[in-house]
Peer 1: 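This is the structure, below, for whatever I ask next.
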Amino acid sequence: MIFSKNLFLLCLVALLTGCAGTYRTYAEMFELAFTPATGAALPFSELTAPNPDYLYVRLGDQPRAVMGLLFIEQAQFKWTSANNIVLVTEQGRIVRSLGLPNDLLHTSNRTADPIKAKRFDNSEWTRQLDWSAGEFGYTVTSTFTEQANETLTFFGQQINAKKVIETLRYDNPTAYLRFDGAWQNIFWYDETSGKLLQSQQQLAPGTPAYEIIFISEIARQLQQSGVQIAGDAI
């Protein structure tokens with residue numbers, strides 16, 4: 001897995017270099033959008049313009065940041081931030097990262113992830129995860145439940161959503177003494193379109209969760225519904 005990690009880093013460096021102009025545009029947007037007190041906020045007009053998609057990302061109690069979609073490759077979305085963090089997602093799930101204190105290096109058996117089929121109740125998924133802090137080949141099993149009648153509010157509009165709760169647990173002993181062998185991820189889907197709108201994902205046990213808001217997708221859904229929203233609304 002060390003070779004795989006190095007190869008991943010080299011590929012990302014090359015891609016970032018090749019997209020330098022685009023990346024500089026992203027960085028400028030991130031700096032304009034970010035304020036330490038409240039975190040990132042992009043106006044509705046920016047999110048509905050023909051731009052690449054954006055995410056709002058918050059780690060634990062830190063201010064919210066914005067990430068931009070750098071490119072899509074083999075159904076994987078590569079998102080980047082102004083401080084060079086990269087998140088790689090499939091159907092909204094983070095499957096790799098770069099630039100974090102404990103990067104998620106590898107997720108196996110991704111085709112069997114119920115998130116891809118959107119079949120959740122009584123579903124189970126087992127895969128192996130590698131983290132850069134020195135844990136490799138750890139078996140993790142997830143079970144899923146779903147709850148209807150959730151409501152999310154964006155741009156002053158309420159959106160009916162379905163909440164999917166993923167409970168994760170270790171299936172083998174860990175290299176370190178842990179008291180957190182189980183944790184949860186949460187995903188919120190638009191009840192009408194089935195699109196993922198928001199998630200809370202913990203990449204490793206004992207670490208803060210990432211709150212991820214798929215803000216460009218939310219803006220598209222609202223625009224398609226015909227709701228009138230001011231261009232400067234955030």
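Quick caveat: nothing in here was measured; it's all calculated off a predicted structure. Position 1 is the first residue of the sequence, and the numbers go up from there.
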Peer 1: Could you tell me if the side chain of Ile85 sits less than 4.5 Å from the side chain of Thr80, heavy atoms only?
Peer 2: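 Not touching, per the 4.5 Å side-chain cut-off.
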Peer 1: Give the intermediate values and the outcome of salt bridge (Lys or Arg N to Asp or Glu O under 4.0 Å) for residues Lys162 and Asp190.
Peer 2: CA-CA 6 Å; Lys162 173 177 67 176; Asp190 185 294; over 6 Å; no
Peer 1: Kindly compute the distance separating CD1 (Ile115) from CG (Leu196), expressed to the nearest 0.5 Å.
Peer 2: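 The distance works out to 7.0 Å.
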Peer 1: Can you confirm whether Lys163 sits close enough to Ile186 that some side-chain heavy atom of one is under 4.5 Å from a side-chain heavy atom of the other?
Peer 2: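 Lys163 reaches Ile186 side chain to side chain.
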Peer 1: Tell me the closest heavy-atom pair linking Ser142 and Phe144, and the distance in Å.
Peer 2: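 Here Ser142 and Phe144 meet closest at CB-CE1, 3.8 Å.
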Peer 1: With a 3.5 Å distance limit and no angle check, can you tell me whether Asp103 reaches the backbone of Leu105 through a side-chain donor-acceptor pair?
Peer 2: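 Checking the backbone N and O of Leu105 against the side chain of Asp103, no donor-acceptor pair under 3.5 Å is found.
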Peer 1: When rounded to the nearest 0.5 angstrom, what distance separates CG in Leu87 from CG in Leu55?
Peer 2: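 Answer rounded to 0.5 Å: 8.0 Å.
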Peer 1: Does one side chain, of Arg96 or Thr89, offer a donor that lies under 3.5 Å from an acceptor on the other?
Peer 2: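 No, no side-chain donor-acceptor contact under 3.5 Å.
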Peer 1: With a 4.5 Å limit on heavy-atom distance, are the side chains of Gln202 and Gln184 in contact?
Peer 2: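 Side-chain contact under 4.5 Å: no.
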Peer 1: Is there a side-chain contact between Thr107 and Arg93, using heavy atoms and a 4.5 Å cut-off?
Peer 2: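 The answer is no; the side chains never approach within 4.5 Å.
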Peer 1: Looking at Asn102 and Ala204, what are the two nearest heavy atoms and their distance?
Peer 2: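 The pair with the smallest heavy-atom distance is ND2-CB, 4.1 Å.
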Peer 1: Rounded to the nearest 0.5 Å, how far does CG of Leu104 lie from CD1 of Ile94?
Peer 2: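 The CD1 atom of Ile94 sits 8.0 Å away from the CG atom of Leu104.
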Peer 1: Going by distance alone, is a donor N or O of one side chain under 3.5 Å from an acceptor N or O of the other, for Asn185 and Glu166?
Peer 2: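 Indeed, the side chains of Asn185 and Glu166 share at least one donor-acceptor pair under 3.5 Å.
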Peer 1: Kindly assign one of parallel, tilted or perpendicular to the pair Phe214 and Trp79, based on the angle between their ring planes and the thresholds 30° and 60°.
Peer 2: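 Aromatic pair Phe214/Trp79 classed perpendicular.
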Peer 1: Out of curiosity, Arg127 CZ to Thr139 OG1, how far, rounded to the nearest 0.5 Å?
Peer 2: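 Spacing of CZ (Arg127) from OG1 (Thr139) equals 10.5 Å.
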Peer 1: Starting at CH2 of Trp188, measure out to CG of Asn160 and round the result to the nearest 0.5 Å.
Peer 2: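 Those atoms lie 15.5 Å apart.
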Peer 1: Main chain of Ala209, side chain of Trp183: is a donor-acceptor contact present, judged purely on distance under 3.5 Å?
Peer 2: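 It does not hold such a pair.
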Peer 1: When you check the side-chain N and O atoms of Thr141 and Thr126, is any donor under 3.5 Å from an acceptor?
Peer 2: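 There is such a pair between these side chains.
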Peer 1: Please give me the minimum heavy-atom distance between Phe187 and Ser199, naming the atom from each residue.
Peer 2: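 Residues Phe187 and Ser199, closest heavy atoms: CD2-CB, 3.7 Å.
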Peer 1: Step through the shown structure and confirm whether more than 12 heavy atoms of other residues, nucleotides or ligands are within 6.0 Å of CG on Asn109.
Peer 2: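 For Asn109, atom CG is crowded (more than 12 foreign heavy atoms under 6.0 Å).
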Peer 1: So does Met67 get a backbone contact from the side chain of Tyr56, meaning a donor-acceptor N/O pair under 3.5 Å?
Peer 2: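 Absent.
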Peer 1: Step by step, work out the side chain to side chain contact (heavy atoms under 4.5 Å, CB included) result for Gln76 and Val95.
Peer 2: CA-CA 9 Å; Gln76 290 189 337; Val95 295; 4.0 Å; yes
Peer 1: How close do Gly137 and Asp130 get, counting heavy atoms only, and between which atoms?
Peer 2: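 Where Gly137 meets Asp130 most closely, the heavy atoms are N-OD1, 2.5 Å.
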Peer 1: Is the closest side-chain donor-acceptor distance between Asp113 and Gln91 under 3.5 Å?
Peer 2: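 No, because no side-chain N or O of Asp113 sits under 3.5 Å from a partner of the opposite role on Gln91.
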Peer 1: Do Gln201 and Ile212 touch side chain to side chain, with heavy atoms closer than 4.5 Å?
Peer 2: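 When only atoms from C-beta onward are counted, Ile212 and Gln201 do touch, with a gap below 4.5 Å.
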Peer 1: Any non-hydrogen side-chain atom of Trp131 less than 4.5 Å from a side-chain atom of Phe136?
Peer 2: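 Trp131 does not reach Phe136 side chain to side chain.
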Peer 1: If I take atom CZ from residue Phe44 and atom CD1 from residue Ile215, how far apart are they, to the nearest 0.5 angstrom?
Peer 2: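 Answer for the CZ-CD1 pair, Phe44 versus Ile215, is 9.0 Å.
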Peer 1: With sequence neighbours excluded, give me every salt bridge (Lys or Arg N to Asp or Glu O under 4.0 Å) pair touching residues 114-126.
Peer 2: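 Output for this query lists Glu90-Lys116.
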Peer 1: Show me the side-chain donor-acceptor pairs of residues 149-157 shorter than 3.5 Å, one per line, residues at least two apart or across chains.
Peer 2:
none

